[in-house]
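All remarks here apply to the structure that follows.
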Number of protein chains: 2
Amino acid sequence: MRDLSRASGMSLAGLYYYFQSKERLLFLIQKHTFTTIVQRLKERLAGAVDPEQRIRIFILNHLEYFLANPASMKVLSHEADALKNSFAVEVAAIKREYYRICVGLMDDLKRDRSLEFSTRIAVLSLFGMMNWIYTWHNPRVDADAGQIAREMGDIVLRGVLNGARVRR
Amino acid sequence: MRDLSRASGMSLAGLYYYFQSKERLLFLIQKHTFTTIVQRLKERLAGAVDPEQRIRIFILNHLEYFLANPASMKVLSHEADALKNSFAVEVAAIKREYYRICVGLMDDLKRDRSLEFSTRIAVLSLFGMMNWIYTWHNPRVDADAGQIAREMGDIVLRGVLNGARVRR
DNA sequence: ACTGAATTCGAACGAACGTTCGAATTATCT
DNA sequence: AGATAATTCGAACGTTCGTTCGAATTCAGT
């Protein structure tokens with residue numbers, strides 16, 4: 001909180017006037033971030049029907065946001081279990097909605113192409129790829145969000161599309 | 001340190017008698033973990049020549065260790081940037097060696113199959129998949145290391161093997 | 001200009017933290 | 001048994017942390 005006070009130019013007591021507690025400030029950051037990402041995602045998904053294309057939109061939306069806001073990504077990844085009680089419950093609900101959207105997209109792809117694989121592992125692997133990026137991405141040497149989204153999309157989609165077909 | 005004192009049954013001062021500082025204790029944990037993983041990996045790789053099989057061994061070795069030692073995984077992921085100066089340098093060297101081994105395995109696969117893709121993105125995506133697991137794996141509902149290693153191996157290897165061929 | 005509400009802040013509080021110290025206890029060797 | 005070294009610990013140290021308080025300042029409406 002003293003670091004934030006110094007960085008923002010507002011006194012320590014002033015910060016508490018607006019945010020009540022360190023935990024509530026963290027809650028507001030997490031809630032704002034996930035809400036923004038989910039909202040943008042819904043807008044972008046509205047214009048696409050192809051299951052593969054919709055998963056690519058999901059990946060691009062996620063990476064664009066976090067590569068543009070690397071500090072947010074660090075806070076969300078690092079402090080994922082820091083909230084308690086109602087704060088934790090409310091953030092968990094938004095995260096769950098976001099996760100369920102991705103599961104839905106993956107299941108649509110499975111149905112559309114008559115594929116057979118574990119949706120849970122595929123989705124969580126995808127989240128792992130995307131979220132781990134905050135540990136290594138360097139804007140001076142690495143490609144931009146669009147390029148990385150394409151490459152990660154290639155890996156997951158090929159990985160999944162070339163798998164076992166449902167036997168009929 | 002007080003938590004560790006309580007959990008271990010040794011007094012706080014006793015802990016400092018053996019570990020000198022909190023940072024050195026963290027250093028020893030990180031060094032021990034990475035050293036162990038790299039050593040086991042080398043033993044297992046000694047008996048395999050097929051590039052695809054070698055990558056599968058890498059994945060299995062990594063997941064087996066971390067699913068058996070979830071607390072280690074949390075410490076390594078969470079405190080990856082916590083060390084300073086010589087401690088940081090020494091751990092970074094082992095991590096780099098581990099990373100380079102995986103890059104080597106991926107490049108072997110590329111050469112063997114005449115493939116074209118970004119080794120860096122493929123390897124870092126693989127690490128992301130594997131390391132993110134500490135945020136979601138529940139031994140009561142999720143499969144064991146062998147099964148998950150197979151599924152993640154399928155995703156990465158198919159994703160990469162079905163990509164563009166080098167044009168000749 | 002006056003008043004009540006909103007905003008801002010310096011200064012402090014108590015708790016938790018990493019660490020150290022000196023003394024007590026235990027182990028080892030002759 | 002006595003001497004030396006290794007181990008263990010309660011108690012404290014200075015610092016940092018999250019938070020609060022009361023007073024000062026600014027703002028809005030009359």
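Letters A, B, ... are given to chains in the order of the sequence lines, protein chains preceding strands, and every chain is numbered from 1.
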- Message: At a heavy-atom distance below 4.0 Å, which nucleotide of DNA chain D is the first touched by chain A, and which is the last?
- Response: D/dC17 to D/dC21

- Task: Any pair with a residue in residues 40-49 of chain A that passes side-chain hydrogen bond (donor to acceptor under 3.5 Å, both in side chains), sequence neighbours left out, goes on the list, sorted by first then second residue, please.
- Result: A/Q39-A/E43, A/K42-A/E97, A/R44-A/E64

Could you pull out every donor-acceptor pair under 3.5 Å between side chains of residues 2-17 of chain A and any protein atom, sequence neighbours left out?
residue, atom, partner, partner atom, Å
A/D3, OD1, A/R6, NH1, 3.3
A/S5, OG, A/M10, O, 2.7
A/S5, OG, A/L12, N, 3.4
A/S8, OG, A/L4, O, 2.8
A/S8, OG, A/S5, O, 3.3
A/S8, OG, A/M10, N, 3.3
A/S11, OG, A/G14, N, 3.0

- Query: Under 4.0 Å between a Lys/Arg side-chain N and an Asp/Glu carboxylate O for A/D50 and A/R113?
  - Reply: yes

- Taking only residues two or more places apart in sequence, or in another chain, which ones meet B/Y99 in a side-chain contact (heavy atoms from CB on, under 4.5 Å)? B/R96, B/V103, B/R120, B/V123, B/L124, B/F127

- Message: I'd like to know if A/I29 and A/Y65 are part of one continuous hydrophobic network [Ile/Leu/Val/Met/Phe/Trp/Tyr, side-chain heavy atoms within less than 4.5 Å].
- Response: yes

Can you give me every donor-acceptor pair (side chain of residues 71-92 of chain A, partner residue at least two apart or in another chain, under 3.5 Å) with its distance?
residue, atom, partner, partner atom, Å
A/S77, OG, A/M73, O, 3.0
A/H78, NE2, B/H78, O, 3.0
A/E90, OE2, A/K31, NZ, 2.8

- Of residues 16-31 of chain A, the positions that come close to DNA chain D - non-hydrogen atoms, cut-off under 4.0 Å: A/Y16, A/S21, A/K22

- Message: Quick check on DNA chain D: between B/M10 and A/D3, whose nearest nucleotide comes earlier from the 5' end?
- Response: B/M10

- Within one Ile-Leu-Val-Met-Phe-Trp-Tyr cluster: B/I55 and B/L41, side-chain cutoff 4.5 Å: yes

- Message: Centroid separation under 6.0 Å, is that true for the rings of A/H62 and A/Y98?
- Response: yes

- Tell me which of A/A13 and A/M1 sits closer to the 5' end of DNA chain D, going by the nucleotide each one is nearest to. A/M1

- In terms of the nearest nucleotide of DNA chain C, which residue is placed more toward the 5' end: A/R2 or A/G14? A/G14

